[in-house]
Amino acid sequence: MKPAFSILERKRAGESLSEAEIRDLVAGASAGASSSSWGDAELGAFLMAAAVRGLDLEETRALTLAMLESGEQWDLAADFPALVDKHSTGGVADTVSLILAPLLAACGVPVVMLTGRSLGHTGGTADKLESIPGLRLDLDRAECCRLLDEVGTAIGVATGDIAPADRRLYALRDRTATISSIPLITASIASKKLATGAAALVFDVKTGNGAFLPDRAQGEELARRLVETVEAAGRRSSALVTDMNQPLGVWAGHTAEVRATFEALEGEGAADLMEVTYALCEAVAEAVGQPVSRRRLEDAVASGKGRDVFVRWAERQGADPAWLAEPRFELATVEVPLRAPGAGVLAGVDTTRLGLLLSRAARGSRTDIDYGVSLRMVQRLGDELQEGQELARLYLRREDEGLIAEAQGAFTIDPLADPEKVRPPLVERL
């Protein structure tokens with residue numbers, strides 16, 4: 001095992017590290033600061049060198065596999081050969097996972113997802129699901145297999161035994177300002193997604209002002225790197241780059257997004273939300289060799305099969321059957337309309353600002369999440385407006401003038417804008 005100093009010295013000079021060297025540092029991250037030469041200082045130095053000097057495809061692959069092998073690997077595709085998984089890089093009102101899983105399962109394509117919690121301005125799928133009374137998300141391999149056998153889908157949170165090295169490195173990335181490094185993002189995401197062992201993965205890489213990587217070129221680079229890394233690890237993969245210059249669909253907020261899921265599965269989903277969902281369904285089904293047409297997905301909605309799968313899945317993961325029979329979406333009771341200050345075209349939405357203020361309002365002075373704090377979008381980019389017309393509606397627990405003013409300022413009205421030019425492309429496949 002090489003000393004940490006010599007590995008850091010080579011990376012600082014811009015040299016490529018060998019697989020053995022990368023495995024040394026990941027073993028050090030797994031072992032803990034007290035039992036390894038890789039303490040927080042050394043790991044932080046590696047992360048900064050990797051962010052500045054970069055990691056090539058082979059280094060990224062080696063880092064991914066080393067982090068993957070630091071913990072449990074379920075290899076679920078050994079039991080479910082057509083199993084697929086989907087991952088989003090995060091956005092505001094991104095309810096796609098909750099709709100995609102039951103729709104694909106209803107079409108005969110099994111889906112597994114280990115999801116995350118809220119991060120920064122984005123809502124976590126796990127937090128949204130926990131607004132459903134009784135639903136539990138702690139799953140092991142045996143429980144995933146049972147659910148896949150019975151309903152065709154399993155959704156939970158990553159256990160502490162999956163990619164444990166990533167947890168330490170991720171915490172240090174936050175402290176060392178290396179969160180946005182594309183190779184480090186790739187290894188972090190891919191190591192956890194590969195651990196379940198789905199046969200194919202699709203990545204929804206967000207771009208725009210509400211994405212972690214707002215620049216489209218960076219989003220495309222991340223999408224390519226994720227696909228290359230997963231395929232180099234022996235799994236099939238594809239990626240879409242989707243727009244996050246405004247909240248996706250109509251509802252943002254934990255309970256509200258579960259409401260949006262039921263609306264979508266009942267045929268009342270917002271057009272942009274359904275377009276992204278269908279495109280990702282088609283991409284991952286094709287990647288696993290089980291193509292599903294748009295017509296078939298729409299039929300799964302119209303027939304109620306997708307909704308039935310969601311309800312059966314949720315009940316088998318502990319959700320209250322009485323609630324599922326008659327869902328009650330209890331939003332915060334103080335409704336605040338946000339109105340256009342003048343006539344013109346909705347030319348901009350500061351999506352990150354909206355996500356952050358929702359997160360702040362949902363937590364308030366408490367550590368628990370207030371699932372009912374929500375935002376309902378009324379207008380979309382490119383819509384033509386009159387003065388005083390409603391843009392969106394906030395659902396809060398109390399009137400907060402500062403927060404309301406901040407939300408109002410997230411919308412830009414331009415009387416001279418061309419409506420067509422401010423409507424961004426929604427989905428692009430690499």
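Any value given below was found using the heavy atoms of this structure, including those in side chains, with hydrogens, waters and symmetry copies removed. Here the structure is a predicted model, which means the values were calculated and not measured.
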Worksheet item: Looking at CD of Q246 and CG of L381, how far apart are the two atoms once the value is rounded to the nearest 0.5 Å?
Response: 4.0 Å
Worksheet item: Within a strict 4.5 Å, meaning less than it, do heavy atoms of the L114 and K192 side chains meet?
Response: no
Discussion item. Any heavy-atom pair between the side chains of T242 and T207 that's under 4.5 Å?
Written reply: no
Discussion item. Check R259 with E263, please: is the shortest side-chain N to carboxylate O separation under 4.0 Å?
Written reply: yes
Practice prompt. Under the salt bridge (Lys or Arg N to Asp or Glu O under 4.0 Å) rule, what do R294 and E298 come out as? Steps first, then yes or no, please.
Written response: CA-CA 6 Å; R294 181 72 57 98; E298 291 171 344; 5.3 Å; no
Discussion item. Tell me if a side-chain donor or acceptor on N209 pairs with a main-chain N or O of V349 at a distance below 3.5 Å.
Written reply: yes
Discussion item. Suppose the criterion is ring-ring contact (aromatic ring centres under 6.0 Å, His included): which pairs have a residue in residues 369-399, not counting sequence neighbours?
Written reply: W251-Y395, H254-Y371
Worksheet, complete the sentence: Rounded to the nearest 0.5 angstrom, the CD-CG distance for E406 and D400 is 9.0 Å
Worksheet item: Looking at OG of S70 and CD1 of I162, how far apart are the two atoms once the value is rounded to the nearest 0.5 Å?
Response: 10.5 Å
Fill in: Any side-chain donor near an acceptor of the partner, K206 and S88, under 3.5 Å
no
Fill in: Distance in Å, W74 CH2 paired with D79 CG, rounded so as to fall on 0.5 Å steps
12.5 Å
Item to complete: State, with a plain yes or no, whether a side-chain heavy atom of F212 is found less than 4.5 Å away from one of T89.
Response: no
Worksheet item: From K193 NZ over to F203 CZ, what is the distance, rounded to the nearest 0.5 angstrom?
Response: 8.0 Å
Practice prompt. Taking only Lys NZ, Arg NE, NH1 and NH2, and the carboxylate oxygens of Asp or Glu, determine whether R146 and E150 approach each other closer than 4.0 Å.
Written response: yes
Worksheet entry | Under the side-chain contact (heavy atoms from CB on, under 4.5 Å) test, residues paired with D215 that sit two or more places apart | A217, Q218
Worksheet item: Are D40 and R175 close enough that some pair of their side-chain heavy atoms sits under 4.5 Å apart?
Response: yes
Worksheet item: Has E390 got more than 12 heavy atoms of other residues, nucleotides or ligands less than 6.0 Å from its CD?
Response: yes
Discussion item. Contact between L375 and L394 at the side-chain level, heavy atoms closer than 4.5 Å - yes or no?
Written reply: yes
Discussion item. Determine whether a donor-acceptor pair (N or O, by modelled atom type, separation under 3.5 Å) exists between the side chain of R380 and the backbone of G249.
Written reply: yes
Worksheet, complete the sentence: One should read off an interatomic distance between T196 OG1 and F80 CZ, to the nearest 0.5 angstrom, of 12.0 Å
Discussion item. Just so I know, are the side chains of Q73 and L68 near enough to count as touching, which here means a heavy-atom distance under 4.5 Å?
Written reply: yes
Worksheet item: Are the side chains of L184 and L55 in touch, meaning some heavy atoms are under 4.5 Å apart?
Response: yes
Practice prompt. Answer whether the closest heavy-atom distance between the side chains of R141 and E72 falls below 4.5 Å.
Written response: no
